[in-house]
Amino acid sequence: MDHAKSRQSLNLFKVFPSAYCLLTSAFFISTCLITTLVPRPVIGAERLTLSYGLLQRSIPIDSLETYARTGKIDDELATYARYAPKEQLEQLREVLLTPIPLNAVQVSQFLYTPIGERLLEILAEVIQGETRSTGLYGIRAALILAAVDSQNFNLLNILRKFPSSEISINLARSLQFAQSIQSFVNRTQQAIALINKQFNQQTATILPQTNNIAKINLPQSGFFRWQKQTITLFDQSRNRTFPVDIYLPFGSNRARVIVISHGLGSDRTSFAYLAEHLASYGFAVAVPEHPGSNTQQLQALLSGRSAQVTAPGEFIDRPLDVRYLLDELTRLSQINPAFKGRLNLQEVGVIGQSFGGYTALALAGAPINFEQLEKSCPAFQETFNVSLLLQCLALELPQSRQYNLADPRIKAAIAINPVNSIVFGQQSLSQIKIPVMIISSSADTAAPALPEQIQPFNWLTTPNKYLALINNATHFSTIAESPNTAIPVPSQAIGPNPALARRYVDILSVAFFNTYVANQPNYLSYLSPDYIRTISQQPLPLSLVRSLDFNSSSIFLEELSSNSQH
């Protein structure tokens with residue numbers, strides 16, 4: 001994929017989770033039938049042929065449909081079913097009939113973007129029709145035709161719509177993908193196990209500090225009442241207009257300011273719960289909406305009013321939105337009675353999720369690393385980190401210009417599920433001097449934990465750094481659903497108990513910003529292993545470390561770093 005094709009790339013799981021599940025389902029059928037760990041597969045017509053070199057086996061699509069609808073395994077399917085574990089067969093049945101909450105316009109718009117075409121190209125290496133030309137085009141046609149019947153848009157209907165009487169799955173190529181994925185998963189699991197082990201060892205060796213922890217119930221709202229108001233800002237220098245929600249606490253003079261930056265395809269309501277919680281603890285919270293990478297931009301794409309998910313300029317405009325916001329609040333605090341004397345704009349914290357995590361780290365002092373992007377983009381023949389497709393978009397920015405995105409008013413930053421491994425890399429992240437917390441989710445398939453959070457955490461050199469790992473959480477666990485959402489995120493993509501994940505974000509944010517922005521050292525005890533152990537709950541156990549000792553595990557990290565940059 002060349003630079004032109006990467007132009008409209010996006011964080012696919014964030015913006016189009018259903019489409020990704022839809023496309024990757026092609027691998028799943030071969031998984032179930034050959035008992036190999038492969039992501040979910042696709043196909044579609046009268047017969048499905050599995051080929052491995054000179055060996056071929058064929059299954060009627062009718063057999064799959066009968067099994068999906070009735071649970072009955074006929075003679076032709078029985079040959080393969082006897083080799084598959086019962087749970088995989090049950091999963092296959094569920095996948096075949098699971099409704100896909102998209103319509104034909106949405107599917108079509110996505111599949112004609114460069115990232116959609118890139119995923120189709122990858123699938124076409126595994127899935128073919130009667131002629132090679134029906135591979136990519138056949139998969140796309142089947143998806144669009146099946147989506148026309150929105151009441152019956154599922155994998156089984158996609159199979160029926162494939163414009164070929166026979167579908168062939170290349171098991172050898174599928175196994176290559178499977179092995180690469182398994183290696184990627186194994187390295188991630190090793191890193192996650194190491195973090196949890198290190199955290200557990202800390203809590204086992206450190207004496208309980210309960211008596212030293214301030215008696216504040218951080219999951220509960222604080223004592224401050226607050227008022228929300230919305231302002232609209234216009235930056236004439238960039239011809240950019242954007243709304244901002246301001247949460248002002250009563251009775252807090254010169255309140256420290258926290259800025260929250262939403263992710264790609266979200267809006268300023270996505271973290272309203274966090275803004276309210278921080279305001280109740282006496283922080284003034286400003287939540288800008290970034291035009292060009294918000295829900296409206298995604299809606300424009302899906303409705304055909306835009307041909308791109310986001311533009312390269314958003315890598316610059318997002319941090320500049322925050323800088324302009326702080327400048328305007330400084331001006332308003334001098335002339336507007338509603339703000340006068342109520343804001344401390346020299347001690348500011350910033351928190352962002354996903355693309356907003358990038359925004360927070362850029363403001364914290366990490367410059368865009370064009371040298372690293374040149375080495376790593378265009379994004380790779382076989383990558384299982386789709387956030388790289390978004391990051392490579394930054395390579396299209398004019399490199400002759402100097403981009404000053406850091407803001408000295410920012411005193412501490414939290415990045416939740418950030419995308420940053422190649423747009424910053426080690427060289428840029430090591431330049432951050434202020435306290436940083438990275439919050440990672442072990443089941444994040446959009447910005448995978450190891451390359452996008454764990455390894456970048458290791459690259460940070462600031463002495464006050466934290467890595468919080470929410471086990472079993474996903475990329476969407478901490479995001480509240482917006483009333484303006486363009487596409488509902490499936491519950492499977494959100495993961496278990498998102499309310500608990502959001503509670504963790506509330507607690508960690510109050511403790512971190514009170515410690516490093518409000519300069520209240522008594523809150524440091526809330527960032528101790530002992531306290532984190534008291535709030536950690538199933539099904540999302542929480543770990544928190546301040547450093548990582550990889551030692552012998554460093555080999556697999558170096559291998560991952562090498563793989564992610566080629």
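A quick note: this is a predicted structure, and the numbers were derived from the prediction, not measured.
- Remark: Asn472 pairs with no residue by the side-chain hydrogen bond (donor to acceptor under 3.5 Å, both in side chains) rule, at least two apart or across chains.
- Within the structure, side chain to side chain donor-acceptor pair (under 3.5 Å) contacts touching residues 506-515 (residues at least two apart or in different chains) are Asn514-Gln520.
- Of the N and O atoms on the side chains of Ser543 and Asn196, at least one donor lies less than 3.5 Å from an acceptor on the other residue.
- Looking at Tyr466 and Ile438, their side chains never come closer than 4.5 Å, going by heavy atoms from C-beta outward.
- No salt bridge links Lys411 with Glu347; every basic N to acidic carboxylate O contact stays at or beyond 4.0 Å.
- For Ser261, the side-chain hydrogen bond (donor to acceptor under 3.5 Å, both in side chains) test picks out His290, Arg318, with sequence neighbours left out.
- By the side-chain contact (heavy atoms from CB on, under 4.5 Å) test, Asn157 is found to be paired with Ala146, Asp149, Asn152, Asn154, Arg160, Lys161, residues two or more places apart in sequence or in another chain being considered.
- Among residue pairs with one or both ends in residues 447-456, none qualify as salt bridge (charged side-chain N to carboxylate O under 4.0 Å, His left out); sequence neighbours excluded.
- A search for side-chain hydrogen bond (donor to acceptor under 3.5 Å, both in side chains) contacts involving His277 returns nothing, not counting sequence neighbours.
- For Phe424, the ring-ring contact (aromatic ring centres under 6.0 Å, His included) test picks out Tyr358, with sequence neighbours left out.
- Residues forming a side-chain contact (heavy atoms from CB on, under 4.5 Å) with Pro99 (at least two apart in sequence, or on another chain): none.
- Put simply, the side chain of Val348 does not reach to within 4.5 Å of the side chain of Phe283, judged on heavy atoms.
- Applying the side-chain contact (heavy atoms from CB on, under 4.5 Å) test to Pro249 and every residue at least two apart in sequence or in another chain returns Phe224, Ser252, Ala255, Ala284.
- Scanning for side-chain hydrogen bond (donor to acceptor under 3.5 Å, both in side chains) contacts around Tyr324 gives an empty result, with sequence neighbours left out.
- Side-chain N/O atoms of Asn417 and His475 include no donor and acceptor closer than 3.5 Å.
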Name each donor-acceptor pair under 3.5 Å that joins a side chain in residues 268-276 to protein atoms two or more places apart or in another chain, with its distance.
| unit_1 | atom_1 | unit_2 | atom_2 | d |
| --- | --- | --- | --- | --- |
| Arg268 | NE | Asp245 | OD1 | 3.1 |
| Arg268 | NE | Asp245 | OD2 | 3.1 |
| Arg268 | NH1 | Glu289 | OE1 | 2.8 |
| Thr269 | OG1 | Asp267 | OD1 | 2.6 |
| Thr269 | OG1 | Ser482 | OG | 3.1 |
| Ser270 | OG | Asp267 | N | 3.4 |
| Ser270 | OG | Asp267 | O | 3.1 |
| Tyr273 | OH | Thr478 | O | 2.6 |

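- In terms of the side-chain contact (heavy atoms from CB on, under 4.5 Å) criterion, residue partners of Thr474 (sequence neighbours excluded) are, by chain and number, Ala443, Phe476, Ser477.
- When all heavy atoms are compared, the tightest approach of Phe250 to Gln227 is CZ-CB, 3.6 Å.
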